[in-house]
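Note that these values count all heavy atoms, side chains included, but never hydrogens, waters or copies made by symmetry.
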Amino acid sequence: RRSDYKDPDQAETASNLLDTVSSDIYSESQRFVFELIQNADDAAIDDQNEVNFSFFNGCLIISHNGHPFSEEDINSLTSAGSSTKKNDATKTGYKGIGFKSVFGKSERVTIFSDGYQFRFDKKEFDKILPWQIIPIWTELNELPLEIQETVAQLSYSVSTIIEIENAESLQKDLTDLLSDGQILLFLRKVSKISVSKNKKLIYSIEKKTISEEDNFNEVTLFKNESKISSWITKTFDNIPVPKETKEELKKDEKTPKKLRDAVFTELSFAAKIEENKLRTLKDKPSLIFTYLPTKVSDFNFPFLVNGSFLTNAAREGIHEDKVWNQWLFSLIGEKIFDWLASLATSKYRFQLLQLLPHKFGSTQNELKQSFDKSFSAHSKSKAYIITEQNQIRKSSEVVLDKTGLSVQSFIDPTSITEFLSKEKNLEFDGDCFVSTQVEESNRLKQVGVEVFELENFETFFRSKYFTTRHN
């Protein structure tokens, strides 16, 4: 029925629009790979879903072992802008155009899944039609012989056969994309991606959860069973959408209905572990993830952050002017301090400041403004700073001693707190000094922690608070 166009102009318009979606919007080969990985993640049965890329001369087969296709899935594929995931909060996709990205690289795409077998084939039509949404039933023997044998032997529930001219170039792009394994960090269900060529395994990447605790999960990424990197991750789920945010979202018809109607959302963080210690991300840009990485790297957080950010169609940029995104950035400023407070009770308590972000001080970017406002409030309200006696305190309750005097046996630390109390009109109790074991303690200056520095030396030693206690 989708090939029955009474008006040739209407058919040509639909075809041109689909060409634009698949070719112009998804200009990079990486993007359609992302879309197919996301589809596999959304279709997963459990958290051990595997995606396999099998390269052949002029062809790529992408398979996964999740749920097979349903009639509803096929209806979604054969329309533009319709998706079975639009109202499902457990699924990443919501635009209904992701699969169309494959047509930017191929004019013949075939799907085999649990009895359904059909293709989208531009050359099948002798007139201009939106071939990308017109399925053609396909028998196995209509495929090249080598592909027939491979599809027949595959144990996966869904296989997508993409006939493509420059398969070697795509293979190189895929290798670059998968090299560090980080693409797996925030996927809900896909834990392994394997790549083969001419039926021989080249490599695989895998995510293994080493331990699960209340304040973090320990995750290790592997390539061919060799460790690439280690991480701790934390997901804050069931975060209620505030009433005022819902009201603003209702006014924006361009925000997808799935998000306008959302009652809850989730936000995740990942922090790198090196030599069993937390470390700031430095070796490469800290990207924003929408379950898969975007190209957005201008926020430079010392951790990776993942959420249901509203992106452009190719997921290469985040919309700054969207209320939903502004709220999510305010959540980053809140939830990172919730995580730091939780980590303060863990084995990483002395390294947690490696994850302390900085304020942007931006007067232009609305996302950065939302983050800064939230950062200012929550950096003061949460207790996450470790003292010399291993207590956990708020920023207003501690002193950062840069002189080292407070831990010297010949100095009564009370003289320092009395000096600060009277000279600066501040109140501190006895156990107020930031532990000397805390790494990156200088970062505390930006959250308003009082600092006792060398420039205070002369005034302090001349003061009565020192002299009366050290006669």
Side-chain angles (χ1 to χ4, degrees), residues 182 185-186 213-219 231-242 264-273 277-282 285-291 294 296-309 318 324-362 365-386 392-396 398 438-449:
Q182 291 181 23
L185 276 173
F186 297 112
E213 302 181 26
D214 289 341
N215 39 19
F216 58 82
N217 290 345
E218 288 186 304
V219 171
W231 303 76
I232 59 171
T233 64
K234 173 66 177 179
T235 295
F236 293 90
D237 53 12
N238 296 319
I239 304 170
V241 182
F264 299 98
T265 194
E266 65 180 21
L267 194 74
S268 305
F269 300 101
K272 197 166 189 180
I273 302 296
K277 290 187 175 185
L278 277 175
R279 287 294 173 254
T280 298
L281 288 179
K282 292 178 179 178
S286 172
L287 300 177
I288 301 292
F289 280 64
T290 55
Y291 299 92
T294 68
V296 180
S297 61
D298 55 342
F299 294 97
N300 291 319
F301 291 120
F303 44 76
L304 299 178
V305 61
N306 170 70
S308 55
F309 298 99
I318 294 179
W324 179 263
N325 285 344
Q326 292 167 12
W327 175 59
L328 287 183
F329 266 76
S330 72
L331 275 184
I332 297 173
E334 174 185 349
K335 295 303 177 183
I336 188 57
F337 285 102
D338 285 344
W339 196 25
L340 294 182
S342 177
L343 290 174
T345 64
S346 76
K347 61 184 177 181
Y348 298 113
R349 63 189 181 278
F350 295 123
Q351 299 119 44
L352 62 83
L353 293 185
Q354 297 274 358
L355 306 184
L356 184 65
H358 61 80
K359 288 173 67 174
F360 297 104
S362 173
N365 189 296
E366 292 181 87
L367 300 180
K368 291 180 178 180
Q369 290 174 7
S370 296
F371 173 83
D372 281 358
K373 184 177 179 181
S374 181
F375 178 101
S376 295
H378 296 285
S379 64
K380 293 179 173 61
S381 65
K382 305 292 182 180
Y384 56 92
I385 304 169
I386 310 300
I392 304 172
R393 299 295 179 91
K394 298 178 182 178
S395 59
S396 61
V398 296
V438 170
E439 298 179 8
E440 298 292 332
S441 58
N442 276 336
R443 297 189 185 189
L444 290 172
K445 294 179 181 180
Q446 65 171 318
V447 295
V449 166

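By the 4.5 Å heavy-atom criterion applied to side chains, Leu331 and Phe236 are not counted as neighbours. At least one side-chain heavy atom of Val447 sits less than 4.5 Å from a side-chain heavy atom of Tyr384. Between Leu328 and Ser308 there is a side-chain heavy-atom pair separated by less than 4.5 Å. Ile273 places a side-chain heavy atom less than 4.5 Å from the side chain of Tyr348.
Side-chain N or O atoms of Gln446 include one that pairs as donor or acceptor with a backbone N or O of Pro357 at under 3.5 Å. With Ser370 contributing its side chain and Ser330 its backbone, the two residues share no donor-acceptor pair below 3.5 Å.
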Query - Derivation and outcome, side-chain contact (heavy atoms from CB on, under 4.5 Å), residues Asn365 and Phe360 - result: CA-CA 9 Å; Asn365 189 296; Phe360 297 104; over 6 Å; no
Requested in this report: With side-chain contact (heavy atoms from CB on, under 4.5 Å) as the test, would you mind laying out the steps for Tyr291 and Ser268 before giving the verdict?
Outcome: CA-CA 9 Å; Tyr291 299 92; Ser268 305; 5.8 Å; no
Report task. Determine, step by step, whether Gln354 and Arg443 satisfy the side-chain contact (heavy atoms from CB on, under 4.5 Å) criterion, reporting the C-alpha distance in whole Å, the side-chain angles of both residues, the deciding distance to 0.1 Å, and the verdict. Result -> CA-CA 9 Å; Gln354 297 274 358; Arg443 297 189 185 189; 4.3 Å; yes
Report task. Give the intermediate values and the outcome of side-chain contact (heavy atoms from CB on, under 4.5 Å) for residues Trp339 and Ile232. Result -> CA-CA 11 Å; Trp339 196 25; Ile232 59 171; 3.7 Å; yes
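Across all their heavy atoms, Leu343 and Leu278 have their closest contact at CD1-CD1, 4.3 Å. The two residues Phe337 and Ser379 have their closest heavy-atom pair at CZ-CB, 3.3 Å. Nearest heavy-atom pair across Ser346 and Phe216 is CB-CE2, 3.8 Å. Here the closest heavy-atom approach between residue Ile386 and residue Ala344 is recorded as CD1-O, 3.6 Å. Taking both residues in full, the closest heavy atoms of Ile385 and Ser395 are given as CD1-CA, 3.6 Å, listed atom of the first, atom of the second, then distance. The minimum heavy-atom distance between Leu267 and Ile239, with the atom names listed, is N-CD1, 4.0 Å.
Note that NZ of Lys272 is 9.0 Å distant from CG of Leu304, once rounded to the nearest 0.5 Å. Here the NZ-OG distance, from Lys335 to Ser342, works out to 11.5 Å after rounding to the nearest 0.5 Å. Residue Leu444 holds its CG atom at 4.5 Å from CG of Leu353, rounded to the nearest 0.5 Å. Between Ile392 atom CD1 and Leu340 atom CG the span is 11.5 Å, to the nearest 0.5 Å. Within the model, atoms CH2 of Trp324 and OG1 of Thr265 stand 4.0 Å from one another, a figure rounded to the nearest 0.5 Å. Separation of atoms CG (Leu287) and CG (Leu185) is listed at 11.0 Å; rounding is to 0.5 Å.
Between Phe289 and Phe186, the angle of the ring planes goes over 60°, which puts this pair in the perpendicular group of the 30/60° scheme.
Counting only residues at least two apart or on different chains, no salt bridge (Lys or Arg N to Asp or Glu O under 4.0 Å) pair has a member in residues 233-242.
Seen from the ring of Phe299, Lys368 counts as a face-on cation partner, given the 6.0 Å and 45° thresholds.
With ring centers used as reference points, Phe309 lies under 6.0 Å from Phe329.
In this structure Arg393 satisfies the side-chain hydrogen bond (donor to acceptor under 3.5 Å, both in side chains) test together with Asp429, sequence neighbours excluded.
Using a cut-off of 4.0 Å between Lys/Arg side-chain N and Asp/Glu carboxylate O, Glu439 and Arg279 are scored as salt-bridged. By the 4.0 Å N-to-carboxylate-O rule, Lys347 lies too far from Glu213 to be salt-bridged with it.
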